[in-house]
Q: 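I am attaching a structure below and will ask some questions about it afterwards.
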Amino acid sequence: MTQNRVFNFSAGPSMLPVPVLEEVAAQMLNYEGSGMSVMEMSHRSSSYLEIFDNTKALLKKVMNIPDNYKILLLHGGATQQFSMIPLNLMKNGKADYVVTGAFSKKAAQEAAKFGDVKIAYSGADNTFKHIPTQEELELRDDASYLHLCANNTIYGTEWKYVPETNGVTIVADMSSNILSKPVNVSDFGMIYAGAQKNMGIAGLGVVIVREDLLEAHKENIPVLMEYDTMADNDSMYNTPPAFSIYVLGEVLKWIDGLGGLEVMQQRNIEKADLIYDYLDQSDFYIAHSDPANRSLMNVTFTTPNKDLDAKFIKESIALGMQNLKGHRSVGGIRASIYNAMPLEGVQTLVNFMKKFEEENK
Ligand code: PMP
């Protein structure tokens with residue numbers, strides 16, 4: 001099964017743990033004696049409800065989610081949340097947004113359709129290499145919430161602290177770093193993520209929302225956009241993204257079996273340090289993000305020029321490393337090293353970086 005697999009550095013959809021792929025493959029034709037695959041099951045059947053309930057329970061356990069939070073498993077990935085958040089949580093028509101990259105900008109633009117959005121900080125002037133300090137944030141005490149993107153997939157920056165907001169609830173897009181390390185869920189009113197990086201496969205948006213925020217959404221909004229309706233129906237107002245939820249459950253079993261989020265964090269620090277340490281001592285490669293804000297999940301850098309960037313990517317593919325090309329909006333190199341990227345993949349990359357530097361200096 002593992003034969004001929006490449007090290008896939010894609011930002012998402014991205015690598016899944018091999019044991020998860022093997023388990024899903026083994027269960028494909030006949031899930032635990034049900035005589036059918038999970039893809040073919042009624043979402044109301046007892047077999048599927050067990051998968052669904054176990055997945056939610058395991059997410060609660062692994063992330064240590066307090067009892068006063070609801071877990072919603074929705075369609076529409078993370079981007080649907082860019083709309084649902086203002087429609088449901090902008091109670092007094094005002095919200096603050098921190099713009100640290102392309103996705104937080106999209107989230108702010110979407111929210112501005114529905115109310116008064118203030119940009120509390122924008123990193124656009126410094127090519128999004130920086131996460132604001134507390135002092136750099138311009139926050140309003142009367143905002144309904146503060147939105148931030150915890151890890152910026154395209155630019156490779158990550159928040160290392162939770163800002164002080166004077167009681168204003170924080171809503172965090174954790175699409176590209178959820179399950180990579182422990183977080184204190186109570187620091188946030190809502191956490192959300194598209195599943196196709198650290199949680200599984202596309203088609204699922206995971207929302208973890210404090211119960212008191214569910215009430216009083218805007219009137220006359222599409223029913224599938226109402227958090228309270230989705231919560232009242234346990235995410236089954238309509239057919240949920242059933243197979244994606246099942247894969248999330250398998251990924252969570254893998255994480256739990258390895259020892260949970262502390263172990264994920266240790267593994268992720270070890271992997272990221274290998275690349276950042278090499279970048280720091282090199283006078284050939286240039287790391288993109290400020291050292292204080294470096295992402296553990298998406299490592300971004302450039303070679304001395306665009307031609308060498310292209311050569312680097314071409315040669316890496318020949319060596320079994322794929323998708324190292326930076327996002328089309330920024331270029332350069334991006335190594336996405338989510339939970340499922342083995343240490344061996346990162347070692348292979350760093351060895352190649354050394355060799356490429358020697359040959360092209
Ligand atoms: N937020 C972040 C941080 C992302 O990385 C992405 C996708 N790469 C999105 C939002 C959008 O996610 P989706 O495609 O699931 O809507």
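Just follow the structure's listing: the first ligand is 1, and inside any ligand the first atom is 1.
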Q: Looking at ligand 1, does any of its N/O atoms fall within less than 3.5 Å of an N/O of Ala78?
A: yes

Q: Which residue owns the protein heavy atom closest to atom 1 (N) of ligand 1, what's the atom, and how far is it?
A: Asp173 OD2, 2.6 Å

Q: Determine whether more than 12 heavy atoms belonging to other residues, nucleotides or ligands lie under 6.0 Å from atom OH of Tyr237.
A: no

Q: Are Arg140 and Leu146 packed together at the side-chain level, in the sense that at least one heavy-atom pair is separated by less than 4.5 angstrom?
A: no

Q: Report the nearest protein non-hydrogen atom to atom 5 (O) of ligand 1: residue, atom name, distance rounded to 0.1 Å.
A: Thr153 OG1, 2.4 Å

Q: Please tell me if the side chains of Asn339 and Arg267 come closer than 4.5 Å, counting only heavy atoms from C-beta onward.
A: no

Q: Going by heavy-atom distance to atom 7 (C) of ligand 1, choose the closest among Lys197, Gln81, Met174.
A: Lys197

Q: Identify, for atom 14 (O) of ligand 1, the protein heavy atom at the shortest distance, and state residue, atom and that distance.
A: Gln196 NE2, 3.4 Å

Q: Taking non-hydrogen atoms only, is Tyr192 closer than 4.0 angstrom to ligand 1 via side chain, backbone, both or neither?
A: neither

Q: Are Asp96 and Glu138 side-chain neighbours, meaning at least one heavy-atom pair lies under 4.5 Å?
A: no

Q: Go through the steps for Tyr145 and Tyr97 under the test side-chain hydrogen bond (donor to acceptor under 3.5 Å, both in side chains), then give the verdict.
A: CA-CA 8 Å; Tyr145 60 85; Tyr97 276 70; 2.7 Å; yes

Q: Between Tyr285, Tyr155, Tyr276, which is the residue that forms a ring pair (Phe, Tyr, Trp, His ring centres under 6.0 Å) with Phe301?
A: Tyr285

Q: May I ask you to identify, for Asn151, whether its side chain, its backbone, both or neither come under 4.0 Å of ligand 1 on a heavy-atom basis?
A: backbone

Q: Which residue and non-hydrogen atom of the protein lie closest to atom 16 (O) of ligand 1, and at what distance in Å?
A: Thr79 OG1, 2.4 Å

Q: Do Arg210 and Thr169 have side chains that approach each other closer than 4.5 Å (heavy atoms only, starting at C-beta)?
A: yes

Q: Looking only at heavy atoms of Gly12, does any of them come nearer than 4.0 Å to an atom of ligand 1?
A: no

Q: Are Gln81 and Asp173 linked by a side-chain donor-acceptor pair shorter than 3.5 Å?
A: no

Q: For ligand 1, which atoms have a heavy atom of Phe82 less than 4.0 angstrom away?
A: 10 (C)

Q: Which part of Ala202 is near ligand 1, with near meaning a heavy atom under 4.0 Å away: side chain, backbone, both or neither?
A: neither

